[in-house]
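These notes are about the structure you will find just below.
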Amino acid sequence: MNVLGIEGTAWNLSVAVVNEEEVVLLVNDPYQPKEGGIHPREASQHHAEKMPSLLKSVFERFPKEKIDGIAFSQGPGLGPCLRVVGTAARFLALKLKKPLVGVNHCLAHVEVGRWKTKAKNPVVLYVSGGNSQIIARRGNRYRVFGETLDIGIGNAIDKLARSFGLQHPGGPKIEQLAEKGSKYYQLPYVVKGMDFSFSGMVTAAQKLKEKAKLEDIAFSFQETAFAMLTEVTERALAYLGYDEVLLVGGVGVNKRLQKMLSVMCEDRGARFYTPPVELMGDNGAMIAYTGLLMLKHGYSTPLEKSFIKPNFRIEEVEIRW
Ligand code: ATP
Ligand code: FE2
């Protein structure tokens, strides 16, 4: 079975074809804001402009006739971007006369991670721009055991980077700065039960600019935020009695976060997994693969139910595999 998947919930317009074993092809055309953060309308215009050439490049390398299904990210994400993706997917499904399947973007991050690592039933730390959640499967649903009460960790890092005058996305630049920092400044460590929050930390970190070096602020920010995430992941692991941790989402490429989690896992005798870098942030392969799983297990999305779901939650999907 070959499934084509389209991702475009936010910054990355990405199309892939996968089969059960591998990613056959993956093409990206990311949106890069000229200044500031991601502007939903500009991002959607970018996606609409680039969609035809991206699909054309896919069909030049993979025959249309061999596609068995069309998967698309139905949500959560930015409304205008989701609309562009949904329209393209509906068009392709009609044109190729193949089933359409709407995929939950968060579920796709989790499933591509399980597919490409040996993790079977992990506690998942899903950290990206818009989302920060601790997810684990119980019965036939994934449940969210803890999450951010305000902004995602990626958005928090991007905001801090912007206030340093750095261009979006800020994650890699803050990571580089933090590697050169060593002096720790205390920042609000906000964990409430299993939930956490980052916006107060951003404000406090921005205020440090008057007295501290950027390297030390970036270092202090990462140490505090990643310790919060590691603490809650550990608590979920202990509570559930699971012995695997899977890190997914764009922030998951961060080496310091990976290190903290792997040390925690080692201390607890748990195994720690990260998927390959190109499948950690938003990508079409995760949508195509999750769509393939869904189609194989009897799911498909009729056109009249293929409307976008900007607030789609992972718990809403019944897992039949
Ligand atoms: P979602 O819709 O799942 O919230 P997203 O649109 O935020 O996804 P992702 O690709 O999953 O997209 O994540 C992007 C985020 O990852 C950005 O906030 C970016 O700054 C952050 N990021 C990228 N590289 C790093 C890094 N090395 N360290 C920390 N954060 C990073
Ligand atoms: Fe994402």
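Positions are given from 1 along the sequence. Side chains included, hydrogens not; waters and symmetry mates left out as well; all remaining heavy atoms used. Both ligands and their constituent atoms are indexed starting at 1 by order of listing.
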Side-chain donor-acceptor pair present, T224, Y184, cut-off under 3.5 Å: yes

S14-N283 side chain donor-acceptor pair, cut-off 3.5 Å: no

When you compare ligand 1 with G130, is there at least one nitrogen or oxygen pair between them that comes in under 3.5 angstrom? yes

Quick one: does F62's side chain get under 4.5 Å of L4's, heavy atoms only? no

Would you mind running through ligand 1 and noting each atom that sits below 4.0 Å from a heavy atom of G154? 18 (O)

Please tell me whether H47 and D29 have a donor and an acceptor in their side chains that are separated by less than 3.5 angstrom. no

Within less than 2.8 Å of the Fe ion (ligand 2), how many protein N/O/S atoms are there? 3

Give the residue and atom name of whichever protein heavy atom lies nearest to atom 4 (O) of ligand 1, and the separation in Å to one decimal. S128 OG, 2.6 Å

Looking only at protein heavy atoms, what sits closest to atom 28 (N) of ligand 1 is N254 ND2, 3.0 Å

Just verifying a value: how many Å separate F221 CZ and I217 CD1, rounded to the nearest 0.5 Å? 11.0 Å

Salt-bridge present (R268, E234; N to O < 4.0 Å): yes

Does an N or O anywhere in G250 fall below 3.5 Å from an N or O of ligand 1? yes

Aromatic ring pairing W321/Y299, orientation class (parallel under 30°, perpendicular over 60°, tilted between): perpendicular

Indicate the ring-plane relationship of F198 and F196, choosing parallel, tilted or perpendicular according to the 30° and 60° boundaries. tilted

Do the side chains of E179 and R256 get close enough for a salt bridge, i.e. N-O under 4.0 angstrom? no

Output the list of atoms in ligand 1 that are nearer than 4.0 Å to some heavy atom of G281, sorted by atom number. 10 (O), 11 (O)

Closest approach of any protein heavy atom to atom 30 (N) of ligand 1, naming residue and atom: G171 CA, 3.4 Å

Could you check which of H105, E7, M280 puts a non-hydrogen atom nearest to atom 2 (O) of ligand 1? H105

Within a strict 4.5 Å, meaning less than it, do heavy atoms of the P169 and W11 side chains meet? no

Measure the distances from the heavy atoms of P172 to every atom of ligand 1 and state whether one is below 4.0 angstrom. yes

Judged by modelled atom types alone, do D216 and Y185 share a side-chain donor-acceptor pair under 3.5 Å? no

Among side-chain atoms of Y31 and E49, is any donor-acceptor pair under 3.5 angstrom? no

Atom indices of ligand 1 within 4.0 angstrom of V251 heavy atoms, with elements: 16 (O), 21 (C), 29 (C), 30 (N), 31 (C)

What atoms of ligand 1 come closer than 4.0 angstrom to any heavy atom of A10? 6 (O)

Would G129 count as a polar contact of ligand 1, with the cut-off being nitrogen or oxygen pairs under 3.5 Å? yes

Return the closest protein heavy atom for atom 6 (O) of ligand 1 as residue, atom name and distance. D282 OD2, 2.9 Å

Per-atom contacts, ligand 1 versus H109 - under 4.0 Å to a heavy atom: 3 (O), 11 (O)

Ligand 1 atoms nearer than 4.0 angstrom to some heavy atom of D158 are 17 (C), 18 (O), 19 (C), 20 (O)

Listed by chain and number, what are the side-chain contact (heavy atoms from CB on, under 4.5 Å) partners of R313, not counting sequence neighbours? Q133, V144, E147, E315, E316

Numbered atoms and elements of ligand 1 in range of E175, under 4.0 angstrom, heavy atoms: 26 (C), 27 (N), 28 (N)

Looking only at atom types and distance, does a side-chain atom of R320 sit under 3.5 Å from a main-chain N or O of H297, one as donor and one as acceptor? yes

What is the nearest protein non-hydrogen atom to atom 3 (O) of ligand 1, stated with its residue, atom name and distance? Y126 OH, 2.4 Å

Residue P169 vicinity, atoms of ligand 1 by number, heavy atom under 4.0 Å: 19 (C), 20 (O)

State, with a plain yes or no, whether a side-chain heavy atom of I6 is found less than 4.5 Å away from one of L92. yes

